[in-house]
A.B. asks: 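Can you keep this structure in mind? I'll have questions shortly.
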Protein chains: 2
Amino acid sequence: MTDQRANDVLWLRDRPTAAPRKAEPLSVARIVAAAVAELDEHGVERLTMRRLAQRLEVTSTALYWHVRTKEDVLDLAVDHVLGEVPIPTETDPRSAARVLLVDWRAAMLRHPWSPTLLGRPLLGPNVLARVEFLQATLVRAGLVGDDLQVATKLLSNVVIGTAMNDASWRRLDNPSLVAEVGRFIVGQRDRYPTLASSGFLDDGSSDDELFVRGLDRVLDAVGLGCAPRR
Amino acid sequence: MTDQRANDVLWLRDRPTAAPRKAEPLSVARIVAAAVAELDEHGVERLTMRRLAQRLEVTSTALYWHVRTKEDVLDLAVDHVLGEVPIPTETDPRSAARVLLVDWRAAMLRHPWSPTLLGRPLLGPNVLARVEFLQATLVRAGLVGDDLQVATKLLSNVVIGTAMNDASWRRLDNPSLVAEVGRFIVGQRDRYPTLASSGFLDDGSSDDELFVRGLDRVLDAVGLGCAPRR
DNA sequence: ACCTGAACACCGTTCAAGT
DNA sequence: ACCTGAACACCGTTCAAGT
């Protein structure tokens with residue numbers, strides 16, 4: 001039997017008013033933030049409702065009060081990444097589009113798990129705001145009708161394709177493996193003569209540099225004038 | 001006790017030499033074929049080692065004698081899809097590249113689950129053979145050095161980005177949902193004025209048409225001459 | 001309204017054992 | 001060499017129950 005009087009003395013009660021303090025309550029925003037952190041640290045295959053809950057110090061089943069499925073969490077995480085892409089302030093349409101797309105790619109590569117999750121239609125508010133800005137910029141540049149649709153799709157496809165490809169290399173953080181792939185190709189130079197001798201997988205020029213050079217050409221091709229004159 | 005003499009008479013033995021007939025033995029090729037079929041029918045989220053085994057009439061654990069992990073199966077399935085892309089016979093470099101890329105996209109869209117699996121480095125023999133052909137074609141067209149790398153990456157990124165995007169719409173086989181997305185955007189025309197009025201998601205022109213128009217421009221931009229003259 | 005606990009119907013993979 | 005059966009350590013999700 002414990003001493004009853006202990007509970008009569010305010011200061012002796014165990015953490016009285018500020019007692020269990022359930023930390024801040026759960027919310028969709030907190031869930032998404034935790035998901036992004038977990039994905040950044042451990043990648044997509046380690047993200048589990050149970051691990052996510054653990055990080056938030058709740059039961060895994062608690063998440064389902066705020067979120068309908070795990071897929072919802074992933075969709076929200078992708079949109080969160082797009083939220084990191086600033087809306088450009090440039091006035092020249094070409095440089096506005098250019099900056100947007102460069103930053104878009106950069107955001108996805110900062111979170112290399114994100115390109116793999118682009119499989120579902122991208123309809124989050126942050127995605128749509130960026131696509132809206134892109135297309136509005138193209139309209140300002142004088143594009144209309146099918147030319148406008150072609151340009152919008154082409155530009156976003158270039159970014160997504162790049163992100164997908166380049167991210168796949170960044171995810172395998174083993175740098176020696178890239179070299180091994182190089183040797184693998186060169187070792188079959190009879191099968192892949194061009195790839196072997198062009199140094200396809202060497203990093204003579206960086207991913208980023210090759211991307212912007214390609215992007216500039218697409219911007220030309222799509223009718224956004226030539227490289228920015230100054 | 002059964003009559004012993006029955007087993008002495010050849011014709012009375014139960015299915016004597018051609019007895020249990022374990023069907024054809026398992027093999028990596030059979031596993032991959034079954035995986036592609038399963039993916040085509042039920043999509044990526046339903047592909048399970050257990051279901052795959054069931055389709056092949058073996059135990060799920062039997063698969064692991066032929067294959068190291070489920071990821072191996074997926075990698076092989078992707079490479080199988082690329083194997084469906086014919087190597088063009090056109091002599092003109094521009095049309096050779098064009099045909100390759102159009103067929104490449106078509107193959108991925110016939111198997112709409114495949115773009116989602118492009119997350120890992122593409123190093124299968126069928127992929128490499130197509131990339132080798134593409135780059136060899138670009139060399140024939142006179143590209144070298146960084147221009148060659150830029151063009152190779154840009155073109156494959158355009159195809160991958162397109163496949164990713166367009167496949168995501170084909171996977172949700174619910175056609176009314178596309179219309180619903182259209183209404184969703186138009187319903188927020190104050191937020192997305194350009195998207196709402198440009199009919200971004202209407203299918204005025206088909207995916208395929210928008211793609212080839214974009215592709216032709218990229219081919220121009222990359223230094224492959226202008227549209228095929230005839 | 002918000003969270004817990006127990007439970008269901010699954011997973012991928014390992015490994016000893018059979019033939 | 002090739003396959004089975006049992007088992008391990010997980011999953012996502014539902015639902016009654018607590019506060």
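Quantities reported herein were computed from a predicted structural model and do not represent experimental measurements. In what follows, chains are A, B, ... by sequence order, proteins preceding strands, each numbered from 1. Hydrogens, waters and symmetry mates play no part in the numbers below; they use all other heavy atoms, side chains included.
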A.B. asks: OP1 or OP2 of D:dA1 versus the side-chain N and O atoms of B:His66: is any pair under 4.0 Å?
C.D. replies: no

A.B. asks: Are any of the side-chain nitrogens in A:Glu38 or A:Arg51 under 4.0 Å away from the carboxylate oxygens of its partner?
C.D. replies: yes

A.B. asks: Taking DNA chain D as the partner, which of residues 31-44 of chain B come within under 4.0 angstrom of it by heavy atom?
C.D. replies: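 Within this stretch, nothing sits under 4.0 Å of the strand.
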
A.B. asks: Can you give one letter per nucleotide of nucleotides 6-14 of chain C, going 5' to 3': B for a protein heavy atom under 4.0 Å from the base, S for sugar-phosphate only, - for none?
C.D. replies: BB---BBBB

A.B. asks: Using Watson-Crick and G-U wobble pairs whose two distances are both under 3.5 Å, how do you write the pairing of DNA chain D as dot-bracket, with | for links to another strand?
C.D. replies: ||.|||||...|||||.||

A.B. asks: Under the rule for side chain to side chain donor-acceptor pair (under 3.5 Å), what residues qualify as partners of A:Arg50, not counting sequence neighbours?
C.D. replies: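 Once residues adjacent in sequence are excluded, A:Arg50 has no partner under the side chain to side chain donor-acceptor pair (under 3.5 Å) criterion.
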
A.B. asks: Distances for protein N/O vs nucleotides 16-19 of chain C N/O pairs under 3.5 angstrom?
C.D. replies:
none

A.B. asks: Is it the case that the side chain of B:Lys153 and the backbone of A:Gly214 share a donor-acceptor pair, with hydrogens and angles ignored and the cut-off at 3.5 Å?
C.D. replies: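 Checked: no pair found.
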
A.B. asks: Does a salt bridge link A:Arg110 with A:Asp40, judged by any charged N lying under 4.0 Å from a carboxylate O?
C.D. replies: no

A.B. asks: State whether the side chain of B:Thr162 and the backbone N or O of B:Val159 hold a donor-acceptor pair below 3.5 Å, judged by distance alone.
C.D. replies: no

A.B. asks: For the pair A:Glu41 and A:Arg46, find out whether any cationic side-chain nitrogen is under 4.0 Å from an anionic carboxylate oxygen.
C.D. replies: no

A.B. asks: Is a donor on one side and an acceptor on the other found under 3.5 Å between the side chain of B:Arg171 and the backbone of B:Pro112?
C.D. replies: yes

A.B. asks: I'd like to know if the side chain of B:Thr59 reaches the main chain of B:Ala62, judged simply by a donor and an acceptor atom lying under 3.5 Å from each other, with no hydrogens or angles considered.
C.D. replies: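 Not a single qualifying donor-acceptor pair exists.
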
A.B. asks: Taking the side chain of B:Ala62 as its heavy atoms from C-beta onward, which of D:dT4, D:dA1, C:dC3 lies nearest to it?
C.D. replies: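 From the listed options, D:dT4 comes nearest.
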
A.B. asks: Any chance you could lay out the salt bridge (charged side-chain N to carboxylate O under 4.0 Å, His left out) test for A:Arg120 and A:Glu71, step after step, and finish with the verdict?
C.D. replies: CA-CA 10 Å; A:Arg120 340 186 60 218; A:Glu71 292 211 306; 3.1 Å; yes

A.B. asks: Hey, what do you get for CG (A:Leu47) to CG (A:Leu117), rounding to the nearest 0.5 Å?
C.D. replies: 9.0 Å

A.B. asks: Just how far, in rounded Å, is C1' of C:dC2 from CG of A:Leu26?
C.D. replies: 9 Å

A.B. asks: Rounded to the nearest angstrom, tell me the gap between atom CD in A:Glu24 and atom P in C:dC2.
C.D. replies: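 Spelled out: CD on A:Glu24 to P on C:dC2 is 14 Å.
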
A.B. asks: Residues in side chain to side chain contact (heavy atoms under 4.5 Å, CB included) with B:Pro86, at least two apart?
C.D. replies: B:Asp103

A.B. asks: How many angstroms lie between CG in B:Leu63 and OG1 in B:Thr69, if you round to the nearest 0.5 Å?
C.D. replies: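 Interatomic distance, B:Leu63 CG to B:Thr69 OG1, rounded to 0.5 Å: 11.5 Å.
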
A.B. asks: Any donor-acceptor pair under 3.5 Å linking the side-chain atoms of B:Glu132 with those of A:Thr194?
C.D. replies: yes

